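None of these values were measured; they are calculated from a predicted model. When reading the values below, keep in mind they use all heavy atoms of this one structure, side chains included, and skip hydrogens, waters and symmetry mates. So that the names make sense, note that chain A is the first sequence line, chain B the second, and so on, each numbered from 1.
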Number of protein chains: 2
Amino acid sequence: MPIEIPAVVIDRLPTYARALTFLEDQGRDVVSSQELGTILGVTPAQIRKDLSYFGRFGKQGRGYNVRRLALELRQILGLDRQWSMILIGVGHLGQAILTYDGFQPQGFIIVDAFDVNEGVVGSKVGGVNVHAVSELREYLQKRQVDIGIVAVPADEAAPIIADLIAGGVRSILNYAPTSVPVPERVQIKNIDPVLALQSMTFYLKNGGVE
Amino acid sequence: MPIEIPAVVIDRLPTYARALTFLEDQGRDVVSSQELGTILGVTPAQIRKDLSYFGRFGKQGRGYNVRRLALELRQILGLDRQWSMILIGVGHLGQAILTYDGFQPQGFIIVDAFDVNEGVVGSKVGGVNVHAVSELREYLQKRQVDIGIVAVPADEAAPIIADLIAGGVRSILNYAPTSVPVPERVQIKNIDPVLALQSMTFYLKNGGVE
DNA sequence: TGCTGTGAATCGATTCACAGCG
DNA sequence: CGCTGTGAATCGATTCACAGCA
């Protein structure tokens with residue numbers, strides 16, 4: 001077995017990659033785990049340990065070459081290529097996602113969108129064609145899609161996600177406010193601002209007067 | 001010391017509360033940790049352990065009273081009241097946040113918004129007045145705000161967050177694609193879809209052919 | 001009997017601390 | 001000398017397993 005890399009480590013790598021890109025833009029060419037940790041609010045030991053799962057990228061006594069480490073991380077994560085995505089749900093939220101300009105520059109391309117609403121089907125939003133959801137299954141048989149973005153109401157999410165998985169989609173970004181359990185081979189990440197707010201209020205309510 | 005409750009537990013409670021609300025709407029009046037676990041994709045033991053930090057809400061041999069447990073959790077989390085929020089950054093993303101209809105029904109009210117752009121300052125978006133960011137510090141001296149939502153470009157996030165903290169805001173929902181370390185007494189949650197995508201690609205790239 | 005609540009056991013992640021190299 | 005890379009130690013979270021109650 002080639003040593004199992006903890007998922008928490010994988011989740012941190014993109015933040016490292018981002019900080020390194022920032023340092024690159026600043027023209028910095030060396031950085032220590034100490035300094036990187038300060039930028040990100042993480043301990044230096046954790047950064048070193050995380051990186052050690054993938055290789056030995058540093059120079060003792062100096063630190064890490066910024067450009068080199070940035071390149072390595074991008075390659076490890078697959079950020080050196082483009083990924084195709086489809087969006088399901090072209091309501092308010094879906095339209096915001098289609099016109100969001102943060103995906104494309106990072107190599108994440110929304111190639112098609114789907115909705116149940118006849119009013120929007122056949123139109124173009126943010127340069128992307130909107131198809132009928134009824135065509136989703138058939139579509140997935142013809143085209144290979146890397147990532148599905150789900151932006152439908154909570155009660156419609158489960159069947160859509162089932163369709164995506166049946167169609168061979170292995171990564172899902174779920175904006176619907178509901179937890180949908182998926183098979184182990186499928187990745188799902190939930191974007192749920194209300195959930196984030198609802199746990200912060202616990203600390204607002206308590207922790208106040210100490 | 002009154003036993004420290006792990007943050008991971010607090011993070012899970014809102015999902016439990018949501019599932020219970022769903023069951024309430026279905027007219028269900030009893031649920032076991034087993035069934036709740038199946039709905040949420042979590043082990044029954046974890047649910048029981050999590051709840052045990054706060055009290056003994058179940059009946060042996062039966063399970064939990066849905067209405068009762070829902071009420072308890074809402075009270076524990078402070079979901080039985082309203083929370084005031086301000087938004088900083090009224091660009092594309094900020095406007096989507098202002099017109100998002102998922103916050104208000106859960107008791108999260110955006111009371112004011114701020115932006116640097118003269119073009120939008122003075123206008124109303126989604127029923128919310130947009131003020132100049134230069135007035136933010138002064139505003140926070142007069143008004144008590146529970147939560148700050150940050151939707152500015154990455155390079156402007158740190159100073160805005162510093163202003164919020166200086167103004168007494170203790171919880172921040174950060175949509176800016178950057179990690180900003182904050183003092184321990186301040187809660188910050190990042191909403192970062194690109195980061196989520198960038199860790200999923202690791203598994204797309206590998207794990208494919210096994 | 002069927003389930004909760006919970007100590008004990010396990011599992012996993014973080015931090016420590018230092019040998020070793022540039 | 002300063003910093004990395006990494007086993008060992010610690011810390012924390014999850015799961016087990018069962019006593020006890022309805």
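At a threshold of 4.0 angstrom between heavy atoms, the contacts of A:G58 are confined to the sugar-phosphate backbone, with no base atom among them. Note on A:R62: only backbone sugar-phosphate atoms sit closer than 4.0 angstrom, heavy atoms only; bases stay farther off.
Residue-to-nucleotide proximity on DNA chain D shows that, of A:L51 and B:D50, the 5′-proximal contact is made by A:L51. If you find the closest nucleotide of DNA chain C to B:P44 and to B:K49, the one lying nearer the 5' end belongs to B:P44. With DNA chain C read from its 5' end, the first of the two nearest nucleotides for A:G61 and B:S52 is the one closest to B:S52.
When rounded to the nearest whole Å, the span between CZ of A:R48 and C1' of D:dC3 equals 7 Å. Distance B:Y64 OH to D:dC21 C1': 14 Å, rounded to the nearest Å.
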For B:I172 and B:V186, what are the C-alpha separation, side-chain angles and deciding distance, and is it a side-chain contact (heavy atoms from CB on, under 4.5 Å)? CA-CA 8 Å; B:I172 294 165; B:V186 177; 4.1 Å; yes
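Note on ring orientation: taking the six-membered ring where Trp is involved, the planes of A:F114 and A:H131 are tilted (angle from 30° to 60°).
Protein chain B touches strand DNA chain C; the 5'-most and 3'-most nucleotides with an atom under 4.0 angstrom of its non-hydrogen atoms are C:dG2 to C:dA8.
A donor-acceptor pair shorter than 3.5 Å can be found between the side chains of A:T21 and A:R74.
Taking 4.0 angstrom as the limit, A:S33 places a side-chain polar atom (N or O) nearer than this to OP1 or OP2 of D:dT4.
Under the 3.5 Å distance criterion, the side-chain polar atoms of A:N174 are matched with a main-chain donor or acceptor of A:T178.
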Which donor-acceptor pairs under 3.5 Å do the side chains of residues 158-165 of chain A make with protein atoms, sequence neighbours left out?
unit_1 : atom_1 : unit_2 : atom_2 : d
A:D163 : OD1    : A:R137 : NE     : 2.8
A:D163 : OD1    : A:R137 : NH2    : 3.0

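Proximity of A:F103 to B:V194: side-chain heavy atoms (C-beta onward) are separated by under 4.5 Å at one or more points.
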